[in-house]
Amino acid sequence: MSRLAIFGGAPERAKPFPSWPAFGENEEQAVLEVLRSGNWWRYSHGEAVEAAAPEAGQPRSKVAEFQRAFAQSQGAKYGIACANGTAALDVTLKALGVGPGDEVIVPPYTFIATATAPLAVNAVPIFADIDYETFNIAPQRVEEAITPRTKAIIPVHFAGQAADMDSLLHIAQRHNLAVVEDAAHGHGGTWKGRGLGSIGHAGTFSFQASKNMTAGEGGLITTNDRDLAELCESYIWGGRKIGRPWYEHSRLGWNYRMTEFQGAILLQQLKRLEAQSAKRRENARYLDARLSKLPGIRPLRVPEYVTGHSYHLYIFCFNEPEFGVSRSDFLAALLAEGVSCLAGYAHPLYKNPMFLRQDFYPRGCPLTCGHYDRAIDYAAFEALCPNAERACREAVWLEHRQLLAEREDMDDIVHAIEKIHEHRLDFQPAVVNKGE
Ligand SMILES: Cc1ncc(COP(=O)(O)O)c(C=O)c1O
């Protein structure tokens, strides 16, 4: 094989992977239609639970149409669109009645929003380690983290693969806890044939730019509980209540609404999802088979209950001593070969300065504002979460857009990795982390 690209050789691949977002004339027409209609904003509060006919002279709301279509596609009765996935989590916890003094169990290997949602309602996030084979929250660690203050669990269907919902639902039932599925990566994903977001008390989705369906920003809550849906919608609509006067506000809500432009784009993105998901799955299966044969490369395990993986990310663990190159050198070499790749999170969530300093709002609250009587030292979670620590050291992420390419492009990924392994002695051995 020729020299590695990082040392001046020709790259394995010169062609770019598909770009993201994927869009076409459909999205273009959808945006233009909203633009020209002048209806950029949805007046129709209450449509999450009551499919109202548009008022005389008003077109049907794109957001109302989208939230219904998306909920249906995930197998949930109700869909409540909102501004983003962060807001979806905050609102759901509020609607579930989680509040000051309560604890919410979350994984430490996820985006910050999963853990800031409890803080937004003045509850306390408690971290439970992940399973190292799937990167999803480990039910046994959840069970160990439960205290009389625990009110909810937020499992993340990480990278688009369902968490172990049987075990989690069982634990939740025994301890009377709410389960909020963070399905920000789970568009079109299923667990035992059931749509992600339709299994727990509620599910939350994100349509931010990197996600498998996007309008730049956007979020949505799914639930089968009508009362919960109505409450969520009220929190998103400034505390308004169905059937009450427009300027009457029943509870403390915010403006977390989605615009008609976003609704129109997302309706078109939803039409693309099934074919895209099938392509991602086919290519991921191929990569699993090829990459698992290489030394030091271990794709995440896909348990049987994952009947539909959304593959927001394709992840494998990289074992430095087995491969013979440090992960940072590997990532730089792979990128130079024309395969973009990421290290993922640099550290688990509890190691963020905001947790170490408890820089919450108001400062220190909810841990210090009188409702809570347990001392929490977030630095101590390091000892409790060895798998999250290891995931931060060993993960390699590929993006879902790369899985939208063709079979020969997957071969390029495999060949680039094989090439780096073949040339492993070209790297300084001193940089390999032996994991001591
Ligand atoms: C697991 C997870 N939860 C929640 C969110 C928050 O979504 P948003 O960026 O739409 O606020 C994200 C976004 O990256 C995420 O990855």
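Every number for a ligand or one of its atoms is a count from 1 in the order of the listing. Values in this document were obtained by computation on a predicted structure and should not be read as measured data. In this chain, numbering begins with 1 at the start of the sequence shown.
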Find all protein N or O atoms under 3.5 angstrom from an N or O atom of ligand 1 and list the pairs with distances, or write 'none'.
| unit_1 | atom_1 | unit_2 | atom_2 | d |
| --- | --- | --- | --- | --- |
| ligand 1 | 3 (N) | Asp182 | OD1 | 3.2 |
| ligand 1 | 3 (N) | Asp182 | OD2 | 2.7 |
| ligand 1 | 7 (O) | Ser206 | OG | 3.4 |
| ligand 1 | 10 (O) | Gly85 | N | 2.7 |
| ligand 1 | 10 (O) | Ser206 | OG | 2.7 |
| ligand 1 | 11 (O) | Gly85 | N | 3.3 |
| ligand 1 | 11 (O) | Thr86 | N | 2.8 |
| ligand 1 | 11 (O) | Thr86 | OG1 | 2.5 |
| ligand 1 | 14 (O) | Lys211 | NZ | 2.6 |
| ligand 1 | 16 (O) | His185 | NE2 | 2.8 |

Residues which pass side-chain contact (heavy atoms from CB on, under 4.5 Å) with Arg390, listed by chain and number, not counting sequence neighbours
Tyr132, Arg393, Glu394

Residues two or more places apart in sequence or in another chain: which of them pass side-chain contact (heavy atoms from CB on, under 4.5 Å) with Pro125?
Val106, Ala115, Pro118, Leu119, Phe355, Tyr378

Under 3.5 Å, is there a donor-acceptor pair between the side chain of His249 and the main chain of Gly238?
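Confirmed, His249 side chain pairs with Gly238 backbone.
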
Salt bridge Glu217-Lys211, side-chain N to carboxylate O under 4.0 Å:
no

Pair Asp412 + Lys15, salt bridge at N-O below 4.0 Å
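No, no charged N to carboxylate O under 4.0 Å.
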
Side chains of residues 83-101: which donor-acceptor partners sit under 3.5 Å, not counting sequence neighbours?
| unit_1 | atom_1 | unit_2 | atom_2 | d |
| --- | --- | --- | --- | --- |
| Asn84 | OD1 | Thr86 | N | 3.1 |
| Asn84 | OD1 | Ala87 | N | 2.7 |
| Thr92 | OG1 | Ala88 | O | 2.6 |

